[in-house]
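These figures come from a predicted structure and were not determined experimentally. So you know, we letter chains A, B, ... as the sequences are listed, proteins then strands, and number each from 1.
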Protein chains: 4
Amino acid sequence: MLVQIDFESEMPIYEQLRRQIIEGIASGNLELGESLPSVRQLAEDIGINLHTVNKAYNALKSDGYLNVDRRTGAVVSGTLPESTEEFDKKLNEEFTYLICEAHLRGKKMEDILDLCSDIFKQYIKKDK
Amino acid sequence: MLVQIDFESEMPIYEQLRRQIIEGIASGNLELGESLPSVRQLAEDIGINLHTVNKAYNALKSDGYLNVDRRTGAVVSGTLPESTEEFDKKLNEEFTYLICEAHLRGKKMEDILDLCSDIFKQYIKKDK
Amino acid sequence: MLVQIDFESEMPIYEQLRRQIIEGIASGNLELGESLPSVRQLAEDIGINLHTVNKAYNALKSDGYLNVDRRTGAVVSGTLPESTEEFDKKLNEEFTYLICEAHLRGKKMEDILDLCSDIFKQYIKKDK
Amino acid sequence: MLVQIDFESEMPIYEQLRRQIIEGIASGNLELGESLPSVRQLAEDIGINLHTVNKAYNALKSDGYLNVDRRTGAVVSGTLPESTEEFDKKLNEEFTYLICEAHLRGKKMEDILDLCSDIFKQYIKKDK
DNA sequence: GTGGTCTAGACCACC
DNA sequence: GTGGTCTAGACCACG
């Protein structure tokens with residue numbers, strides 16, 4: 001799996017990494033149960049500090065996406081977390097904001113729905 | 001227009017404010033050309049720092065949503081900004097991440113499309 | 001509130017700190033909504049690194065005991081987290097282990113119950 | 001006696017093993033003077049490293065729960081260790097922390113005492 | 001002045 | 001060799 005960090009971005013590096021791993025799992029590039037590189041290895045590959053990788057891994061761990069300990073290293077969780085009320089709320093808020101701004105920029109409802117369908121078709125290759 | 005700040009949120013106050021103004025314009029609660037409260041006034045109403053409101057207004061100005069000058073105060077732009085390549089890219093990235101995580105949490109494509117439609121119908125009341 | 005770290009202990013410093021803050025809240029030495037020292041301040045007082053304090057604060061934050069952000073610093077949460085199935089399980093396991101070992105060391109059921117009552121009476125001064 | 005290791009747990013394997021042996025002795029599943037499997041055997045049964053079993057056995061030995069030597073293998077002590085001041089202190093500290101956190105999660109003194117009684121009745125079947 | 005992020009480098013526990 | 005902990009010091013975002 002390829003990781004692409006934008007060092008100019010306002011988004012923290014660990015957050016970019018976190019998101020890309022989530023996208024990797026969703027798209028099937030990372031399979032359930034698959035091992036991830038060690039923090040040191042990945043840090044070296046990307047050219048960042050190992051603590052930054054560690055932070056991303058631990059964030060994913062506490063959300064239930066990864067199992068990570070010193071015995072096994074980091075492994076994609078075998079069973080993914082269920083939807084929580086909190087997540088639904090966050091999802092709703094984010095979508096609301098994005099759709100509002102998209103509307104102001106001239107996007108129609110159709111455009112948004114098409115965009116979502118396209119993303120779904122392009123990224124989501126495996127049912128979990 | 002009512003502004004609701006969540007002081008416990010991870011999201012910076014100025015960003016919460018910025019988003020609510022965008023949502024206000026999209027929903028028609030704020031009309032094109034309408035005047036916003038002065039920086040000082042809004043800061044006092046919400047109970048936040050004056051610089052925080054300023055930061056939100058300036059961010060909206062540089063995106064073309066507001067016109068701000070010393071004499072007239074802050075006014076919603078009469079003509080909203082066109083969609084830019086940069087914006088499309090950001091929109092695509094955000095949607096991609098959200099949809100991937102939603103998928104991992106068990107959401108189906110239908111759920112997402114329904115959510116988008118619902119938001120559109122609920123929030124977007126006026127064509128610009 | 002007084003913090004006492006045992007630098008010889010096997011228990012990580014941040015974990016000792018975390019526990020003492022929990023005990024402080026339970027005993028009423030720290031009131032709901034009360035501000036804690038800044039990470040820098042507390043780190044200096046104790047003579048440890050600020051990142052270590054930060055880690056303790058963040059652990060307490062993610063368990064819902066503290067609110068911590070750069071606007072307000074660290075504050076004891078106004079509403080404490082509810083009991084979760086996970087917590088109950090952990091509690092049960094820990095008590096089971098401790099009681100078994102205590103039994104092997106000659107403690108009777110009465111001794112254990114007395115110990116628990118005593119701790120309750122000594123530490124828990126306020127109903128939340 | 002059945003040993004159940006949770007490889008996902010934060011707790012080191014040797015510590016899980018150590019605790020389960022203590023619980024086994026307390027519950028009477030392991031009798032005083034009873035032989036334990038050899039390090040090699042147990043390691044193979046559980047599917048863990050030989051050194052890990054060794055570490056658990058040695059910890060139990062130095063606490064007086066096991067006699068371990070090259071000829072006889074590991075045997076549950078015929079006479080269990082007395083309570084020490086050090087142990088009492090540890091017990092007190094652990095109970096204090098657990099009770100404080102339980103209180104914050106809404107447990108009443110009654111709940112805690114009931115839990116302790118239940119565990120005692122369920123686990124402790126034989127007097128030593 | 002507050003916490004957040006990132007880097008760097010050290011030592012330790014576990015397996 | 002793996003992650004965990006701790007230290008140290010720098011810069012930034014926020015209010």
Side-chain angles (χ1 to χ4, degrees), chain A residues 5 7 9-18 35-44 46-59 61 66-75, chain B residues 5 7 9-17 43 46-56, chain C residues 5 7 9-18 35-44 46-59 61 66-75, chain D residues 5 7 9-17 43 46-56:
Chain A
I5 301 297
F7 292 95
S9 169
E10 303 205 345
M11 194 183 296
I13 295 174
Y14 82 91
E15 174 67 11
Q16 294 182 48
L17 181 52
R18 203 192 121 259
S35 281
L36 271 60
S38 75
V39 286
R40 281 173 177 78
Q41 183 64 53
L42 186 51
E44 194 182 342
I46 306 180
I48 61 177
N49 191 281
L50 91 178
H51 292 117
T52 306
V53 178
N54 205 355
K55 184 159 187 177
Y57 277 11
N58 274 316
K61 175 187 183 182
L66 295 187
N67 295 322
V68 36
D69 69 63
R70 75 188 103 198
R71 298 186 287 264
T72 56
V75 178
Chain B
I5 299 298
F7 290 95
S9 168
E10 310 261 301
M11 195 182 295
I13 295 173
Y14 82 90
E15 176 67 11
Q16 293 183 50
L17 181 53
I46 309 181
I48 62 179
N49 192 296
L50 175 151
H51 298 104
T52 308
V53 177
N54 217 333
K55 186 159 184 176
Chain C
I5 300 299
F7 292 95
S9 168
E10 304 204 344
M11 195 182 296
I13 296 174
Y14 81 91
E15 175 67 11
Q16 294 183 49
L17 181 52
R18 203 192 121 260
S35 281
L36 272 63
S38 77
V39 287
R40 281 171 177 80
Q41 183 63 52
L42 187 50
E44 193 182 345
I46 306 180
I48 62 178
N49 190 281
L50 91 177
H51 293 117
T52 306
V53 177
N54 205 348
K55 185 161 185 174
Y57 277 9
N58 274 316
K61 174 187 185 182
L66 296 187
N67 294 323
V68 36
D69 69 61
R70 77 188 100 194
R71 297 186 285 262
T72 55
V75 178
Chain D
I5 300 297
F7 290 95
S9 168
E10 310 260 304
M11 195 182 296
I13 294 173
Y14 83 91
E15 175 68 10
Q16 293 184 51
L17 181 53
I46 308 180
I48 62 177
N49 193 296
L50 175 151
H51 298 105
T52 307
V53 177
N54 217 335
K55 184 159 185 176

Enquirer: Taking atom P of dT5(E) as reference, at what distance in whole Å does atom CG of Asn54(A) sit?
Expert: 14 Å
Enquirer: From CG of Asn67(A) over to P of dG3(F), roughly how many Å is that when rounded to an integer?
Expert: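 Value for this atom pair: 13 Å.
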Enquirer: Got a second to check how far Arg40(A)'s CZ is from Asn49(A)'s CG, nearest 0.5 Å?
Expert: 10.5 Å
Enquirer: Identify, with sequence neighbours excluded, every residue that meets side-chain hydrogen bond (donor to acceptor under 3.5 Å, both in side chains) alongside Glu10(C).
Expert: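 So Glu10(C) forms no side-chain hydrogen bond (donor to acceptor under 3.5 Å, both in side chains) with any residue.
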Enquirer: Dump the pairs, protein N or O against N or O of nucleotides 9-11 of chain E, anything under 3.5 Å, distances to one decimal.
Expert:
unit_1 : atom_1 : unit_2   : atom_2 : d
dG9(E) : O6     : His51(A) : NE2    : 2.7

Enquirer: Between dT5(E) atom P and Arg70(C) atom CZ, what is the distance in whole Å?
Expert: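 Rounding to the nearest Å, CZ of Arg70(C) and P of dT5(E) are 7 Å apart.
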Enquirer: Using a 3.5 Å cut-off on both pairing distances, which stems of three or more Watson-Crick or G-U pairs include DNA chain E?
Expert: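 For DNA chain E the paired stretches long enough to count as stems (3 pairs minimum) are E:1-14 with F:1-14.
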Enquirer: Can you find a side chain N or O atom of Thr52(A) that sits less than 4.0 Å from OP1 or OP2 on dT7(E)?
Expert: yes
Enquirer: I would like to know whether Phe7(B) and Asn67(C) meet side-chain contact (heavy atoms from CB on, under 4.5 Å); could you show each step before the answer?
Expert: CA-CA 10 Å; Phe7(B) 290 95; Asn67(C) 294 323; over 6 Å; no
Enquirer: Quick check against the 3.5 Å criterion: does Lys61(A) have a side-chain atom that pairs as donor or acceptor with the backbone of Val68(A)?
Expert: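 Yes, Lys61(A) side chain to Val68(A) backbone: donor-acceptor pair under 3.5 Å.
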Enquirer: When the distance from CE of Met11(B) to C1' of dG3(E) is rounded to whole Å, what number comes out?
Expert: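 Going from Met11(B) (CE) to dG3(E) (C1'), I get 18 Å.
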Enquirer: Nearest 0.5 Å please: distance from the CG atom of Leu42(A) over to the CD atom of Glu44(A).
Expert: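 Answer for the CG-CD pair, Leu42(A) versus Glu44(A), is 10.5 Å.
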Enquirer: Looking across every strand, which nucleic acid part, if any, lies under 4.0 Å from Ile13(A) by heavy atom: base, sugar-phosphate, or nothing?
Expert: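 Here Ile13(A) touches the backbone only, sparing every base.
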Enquirer: Let me know the distance between CD of Glu10(D) and C1' of dT5(F), rounded to the nearest Å.
Expert: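 It works out to 14 Å between those atoms.
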Enquirer: If you check the Ser38(A) side chain, which of dG3(E), dG3(F), dT7(F) turns out closest?
Expert: dG3(F)
Enquirer: Over how many whole Å does the gap from Phe7(A) atom CZ to dC12(F) atom P extend?
Expert: 17 Å
Enquirer: Separation of Glu15(C) atom CD from dC6(F) atom C1', in whole Å?
Expert: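 In whole Å, dC6(F) C1' and Glu15(C) CD are 15 Å from each other.
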Enquirer: Could you walk me through whether Asp69(A) and Thr72(A) satisfy the side-chain contact (heavy atoms from CB on, under 4.5 Å) test, starting with their C-alpha distance in whole Å, then the side-chain angles of each, then the deciding distance to 0.1 Å, before giving a yes or no?
Expert: CA-CA 6 Å; Asp69(A) 69 63; Thr72(A) 56; 3.5 Å; yes
Enquirer: For Ile46(D) and Leu17(D), what are the C-alpha separation, side-chain angles and deciding distance, and is it a side-chain contact (heavy atoms from CB on, under 4.5 Å)?
Expert: CA-CA 10 Å; Ile46(D) 308 180; Leu17(D) 181 53; 4.2 Å; yes
Enquirer: Closest heavy-atom contact between Gln16(B) and Ser9(B)?
Expert: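 That would be NE2-CB, 3.5 Å.
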Enquirer: Arg71(A) has a side chain; which of dG3(F), dC14(F), dC15(E) sits nearest to it?
Expert: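 Nearest to the side chain of Arg71(A) among the choices is dC15(E).
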Enquirer: How many angstroms lie between atom NZ of Lys55(C) and atom CD1 of Ile48(C), to the nearest 0.5 angstrom?
Expert: 12.0 Å
Enquirer: Give a yes or no answer on whether the side chain of Asn54(A) reaches the backbone of Tyr57(A) with a donor-acceptor pair at less than 3.5 Å.
Expert: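 No, because the side chain of Asn54(A) does not come within donor-acceptor range (under 3.5 Å) of the backbone of Tyr57(A).
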Enquirer: Roughly how many Å is it from CG in Leu66(C) to C1' in dG3(E), rounded to a whole number?
Expert: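 It is 13 Å, rounded to the nearest whole Å.
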Enquirer: Quick check: on DNA chain E, is the nucleotide nearest Lys61(C) upstream (toward 5') of the one nearest Pro12(D), or the reverse? Name the residue that is more 5'.
Expert: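 Final value for this comparison: Lys61(C).
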Enquirer: Quick check on dT5(F): is either OP1 or OP2 less than 4.0 Å from any side-chain nitrogen or oxygen of Lys55(C)?
Expert: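 Yes, within the criterion.
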Enquirer: Using OP1 and OP2 only, check whether a side-chain N or O of Tyr14(C) sits under 4.0 Å from dT5(F).
Expert: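 For dT5(F), OP1 or OP2 has a side-chain N or O of Tyr14(C) closer than 4.0 Å.
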